[in-house]
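Remarks on the structure that follows.
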Amino acid sequence: MSKRITPFASRYCSTLERLKEAIRRKRPGLLRRGVVLQHDNATSHSANLTQQWLQRYGWEILPHPAHSPDLAPSDFHLFGPLKRHLGA
């Protein structure tokens, strides 16, 4: 499968650039220690342009299996109330 430059990849890279600048402003030490990013296997995330951007800034990618049945990070707020409700 050829990894080509897509309009979505360039847009994703500009989003990563804005994220990098927000981290630099709000948590400057984090950029020196390194950033670990988790994203799925979408075309824009695996495109050459995106991979080059991530390598240039030394950001590590946490692998995410395709079609993962895991909960989305946005669902983690459910665990505390569920645990309290179950009395665990």
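Heavy-atom basis, side chains included; hydrogens, waters and symmetry copies ignored.
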Please identify each residue that fulfils side-chain contact (heavy atoms from CB on, under 4.5 Å) with Arg18, with sequence neighbours left out.
Ser14, Thr15
Sequence neighbours left out, what passes side-chain contact (heavy atoms from CB on, under 4.5 Å) with Leu31? Give chain and number order.
Lys20, Ile23, Arg24, Val35, Trp59
Answer yes if Leu30 and Ile61 sit in the same cluster of Ile, Leu, Val, Met, Phe, Trp and Tyr residues linked by side chain heavy atoms under 4.5 Å apart, and no otherwise.
yes
Would His45 and Leu54 satisfy side-chain contact (heavy atoms from CB on, under 4.5 Å), going step by step from the backbone distance to the final call?
CA-CA 10 Å; His45 301 168; Leu54 294 168; over 6 Å; no
Ala9 and Ser44 have their tightest heavy-atom pair at N-CB, 3.7 Å
Run Thr43 and Phe8 through side-chain contact (heavy atoms from CB on, under 4.5 Å) and show every step you take.
CA-CA 8 Å; Thr43 306; Phe8 299 113; over 6 Å; no
If only atom types and distance count, is the side chain of Glu17 paired as donor or acceptor with the main-chain N or O of Tyr12 below 3.5 Å?
no
